[in-house]
Amino acid sequence: MTVRVRFAPSPTGELHIGSVRTILYNYLFAKQNAGALVLRIEDTDQARLDPRALPSIYDGLHWLGIGWDEGPREGGPYAPYVQSERLALYQRHAQQLVDQGDAYFCFCSKERLDQLRAQQQARKELTRYDRFCRRIDPATAAERAAREPHVVRLKVPDEGAVAIDDLVHGHVEWELATIEDQVLLKTDGFPTYHLAVVVDDHLMAVSHIIRGEEWLASVPKHILIYRAFGWPAPPMAHVPLVLGPDGKKLSKRHGATRVAEFREQGYLPEALVNYLALVGWAPGTEDEVFSLDDLVARWRIDQVQRAGGKWDVERLRWFGGVWIRRLPEDELARRLDPFLPPQWDRSVVRATIPVIRERIELLTQAKDLIAFLFGDVAPEAALLVAKKRTPEETRTAIARAMGSLSALGSLDHGAVKDALEKIAADLGWKQGDVNMAVRVAVTGTKVGPPLYESIELLGRERALSRLARAEEILRG
RNA sequence: GGCCCGGUCGCCUAGUGGUCUAGGGCGUCUCCCUUUCAAGGAGAAGGUCACGGGUUCGAAUCCCGUCCGGGCUACCA
């Protein structure tokens, strides 16, 4: 059997990190089964459309390296892939169910429904449709439907049960008595999610449904629709939710959730993919650093966790650092490019890579680390002087540094090291005290890349003038 | 409220009846390395496997109950 899976976002907002985890699992499943991945846009809720949604899906997934085979822009054998362009299809199928006697027209107003619900709540009854319109005889209903606003509802049997063998959760069963006569087609002629998803998954020959656990509760509705059409329901996997720190479904109020935000923050896509794959899945070994290709090879749907997993930025950041360190130097330089001012000399930037790659977890962190090479620095006197040293002593040390460095033939880091070590020895200072004074003088801050390399990168002229400036500052 | 799904260190997780005195990673702490910060190395703390009953010679693993959390309960997806 040909594997065909899909991801079916509703375009109500920008691409979300939780969606990506589910999309990723679909992608991995498709890849490892030599199957196809389909993007289908479920825009049946006209009120919530967001024009930014589609571009952000394309941008975000492209950035992450997750590709698919059929979709609204790429087309495919089952086009169109946007539900609002398939309305006739749903209407025809809804009509078929009405004709078969498996569905019926409902003319109840929003007001009546609200009232009904309120009454049921007051009586602490199950809140569900009372099947008022189910009693209208079909001929009359058809006549009224020609001129009155209406929806189409599914006739749910009074008794019996439906069940699935979920690929993640195993056997799950529902009593039909707990399920209401679901709306299939709305007054505006658009299908509800439930009708559209079943019709499309069947028509698009989707072989496996892999989606978030929030959909598990609607499975019985879908099974009933499959049954009414006489279609087999494909195997399903309801994967655990990505949760916020409070244990609820991850959402905007928990902080950054848009893929674009992580990109802007300087996370490597490799890190995001790696981290996300591990929320809800583990290989059963102690390996944990995986590229997308590694994941294709190793991920298995039967290893997917049942419980939801909390979003942990600390761990994501750690993966950020892991993947930055794994990047070849030239590649890291290339990735850094958009995060640095365009006027900074790229050959200088390239030279800093070896000393910054172990110090950053996000691409955005590089800028501050090497800024001293591209602009002036203004050291504060307080920072220049080590705890147990006086300003005067420090001034002397800096003066000596100036002397040594200007006497040096070449300013490579080895020579700088020897020079500064000699100063410390002569002065009887700890190396750290000498170096800290020089570091602050030359870079303006107490933390940064290794000093000797930093001075080499800076060059003699600028190093000396910055030392001179510091000396002046200390002189008061 | 109802239906459904979950529940292993703070977090992600390994574990599918004995090898578990419950393993790894993140985070935290200590030490080493060391010119700062990192990275790296070595360690430590941290879990009565939600709780209570069973079943069994033996249970994190099987069964039942309870509790807690979550999802759904729309003419939203």
Side-chain angles (χ1 to χ4, degrees), chain A residues 8-12 42-45 47-48 106 108-110 113-114 117 120-121 124-129 149-153 166 168-169 172-175 177-180 182-194 196-197 212-220 238 240-241 243 245-249 275 278-289 303 305-319 321 325 355-361 369 416-417 420-421 424 430-436 438-440 443 445-454:
Chain A
S10 63
T12 54
E42 310 216 321
D43 58 344
T44 55
D45 183 356
R48 295 200 304 157
C106 170
C108 292
S109 67
K110 181 95 168 60
L113 261 19
D114 288 345
R117 193 171 302 120
Q120 287 170 335
Q121 264 163 4
K124 294 196 187 279
E125 290 173 359
L126 240 52
T127 54
R128 54 176 195 173
Y129 182 58
H150 61 274
V151 302
V152 175
R153 284 183 187 270
D166 190 89
V168 171
H169 291 277
V172 185
E173 220 176 287
W174 296 264
E175 288 294 330
T178 63
I179 294 156
E180 74 170 345
Q182 187 61 36
V183 172
L184 300 176
L185 205 63
K186 304 188 253 186
T187 308
D188 63 2
F190 278 71
T192 58
Y193 169 80
H194 306 293
V197 79
E213 200 191 312
E214 72 264 37
W215 297 110
L216 187 56
S218 51
V219 166
H238 289 86
L241 263 19
L243 310 172
D246 60 356
K248 297 190 201 303
K249 199 160 69 162
Y275 168 73
L278 260 14
V279 179
W281 173 79
T285 66
E286 286 174 4
D287 306 325
E288 57 183 351
V289 178
Q303 290 175 321
Q305 181 87 3
R306 270 185 289 268
K310 288 179 183 162
W311 179 257
D312 179 7
V313 195
E314 287 301 325
R315 188 162 152 86
L316 205 216
R317 284 177 72 100
W318 179 75
F319 275 113
R325 276 171 257 131
V355 295
I356 63 171
R357 64 183 310 179
E358 277 154 14
R359 279 161 247 268
I360 60 174
E361 294 177 314
L369 234 35
V416 174
K417 177 176 194 283
L420 293 185
E421 280 176 358
K430 283 195 302 184
Q431 192 65 49
D433 287 353
V434 174
N435 289 10
M436 188 52 77
V438 175
R439 169 181 293 282
V440 172
T443 71
T445 68
K446 297 180 80 157
V447 298
L451 217 215
Y452 312 138
E453 285 80 353
S454 295

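These figures come from a predicted structure and were not determined experimentally. Note on naming: letters A, B, ... go to the chains in the order of the sequence lines (proteins, then strands), and numbering restarts at 1 for each one. Only heavy atoms go into these numbers, but all of them, side chains included; no hydrogens, no water, no symmetry mates.
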Candidate nucleotides [options], ranked by approach to the side chain of [X] - the nearest:
{"X": "A/Q431", "options": "B/C75, B/A77, B/U35", "value": "B/U35"}
{"X": "A/P450", "options": "B/C3, B/C76, B/U35", "value": "B/U35"}
{"X": "A/E358", "options": "B/A77, B/A39, B/C75", "value": "B/A39"}

| Across all strands, who's sitting opposite B/C67 as a Watson-Crick or G-U wobble pair, both distances under 3.5 Å? |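 B/G7 - that is the nucleotide pairing with B/C67, both distances being under 3.5 Å.
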| field | For B/C29, the Watson-Crick or wobble partner whose two distances fall under 3.5 Å | value | B/G43
Check the interface with nucleotides 12-15 of chain B: list each N/O to N/O pair with the protein under 3.5 Å, or write none.
| residue | atom | partner | partner atom | Å |
| --- | --- | --- | --- | --- |
| B/C12 | OP1 | A/K310 | N | 2.9 |
| B/C12 | O2' | A/L278 | O | 2.8 |
| B/U13 | OP1 | A/G280 | N | 2.4 |
| B/A14 | OP2 | A/Q305 | OE1 | 2.8 |

Within the 4.0 Å heavy-atom criterion, would you say [X] contacts the bases, only the backbone, or no part of the nucleic acid?
{"X": "A/K446", "answer": "base"}
{"X": "A/E173", "answer": "sugar-phosphate"}
{"X": "A/R357", "answer": "nothing"}
{"X": "A/R439", "answer": "base"}
{"X": "A/I179", "answer": "nothing"}
{"X": "A/R128", "answer": "nothing"}

Find the distance [X]:[atom1] to [N]:[atom2] and express it as a whole number of Å.
{"X": "A/E286", "N": "B/G25", "atom1": "CD", "atom2": "P", "result": "7 Å"}
{"X": "A/E453", "N": "B/U35", "atom1": "CD", "atom2": "P", "result": "12 Å"}
{"X": "A/R325", "N": "B/G41", "atom1": "CZ", "atom2": "C1'", "result": "14 Å"}
{"X": "A/F319", "N": "B/G27", "atom1": "CZ", "atom2": "C1'", "result": "13 Å"}
{"X": "A/D114", "N": "B/C75", "atom1": "CG", "atom2": "P", "result": "9 Å"}
{"X": "A/W318", "N": "B/G27", "atom1": "CH2", "atom2": "P", "result": "8 Å"}
{"X": "A/D43", "N": "B/C76", "atom1": "CG", "atom2": "C1'", "result": "13 Å"}
{"X": "A/K124", "N": "B/G2", "atom1": "NZ", "atom2": "P", "result": "10 Å"}

| request: Validate the cation-pi geometry between A/R315 and A/Y275: distance from NZ or CZ to the six-membered ring centre under 6.0 Å, angle to the ring axis within 45°. | output: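 So A/R315 doesn't make the cation-pi contact.
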| query | In terms of the nearest nucleotide of RNA chain B, which residue is placed more toward the 5' end: A/E180 or A/E288? | reply |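 Its nucleotide being nearer the 5' end, the pick is A/E288.
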Please state whether the phosphate of [N], meaning OP1 or OP2, lies under 4.0 angstrom from any side-chain nitrogen or oxygen of [X].
{"X": "A/R317", "N": "B/C11", "answer": "no"}
{"X": "A/R359", "N": "B/A39", "answer": "no"}
{"X": "A/K249", "N": "B/G71", "answer": "no"}
{"X": "A/R153", "N": "B/C75", "answer": "yes"}
{"X": "A/T12", "N": "B/C76", "answer": "no"}
{"X": "A/K417", "N": "B/U34", "answer": "no"}
{"X": "A/H169", "N": "B/G6", "answer": "yes"}

| task | Report the relative orientation of the aromatic rings in A/W215 and A/Y193; use parallel for angles under 30°, tilted for 30 to 60°, perpendicular for over 60°. | result | parallel
Rounded to whole angstrom, note down the [atom1] distance from [N] over to [M].
{"N": "B/G53", "M": "B/G10", "atom1": "P", "value": "23 Å"}
{"N": "B/G23", "M": "B/A14", "atom1": "P", "value": "15 Å"}
{"N": "B/U30", "M": "B/G46", "atom1": "C1'", "value": "15 Å"}
{"N": "B/G27", "M": "B/A22", "atom1": "P", "value": "25 Å"}

| Identified side chain to side chain contact (heavy atoms under 4.5 Å, CB included) partner of A/H238 from the options A/V168, A/V172, A/V219 |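 That would be A/V219.
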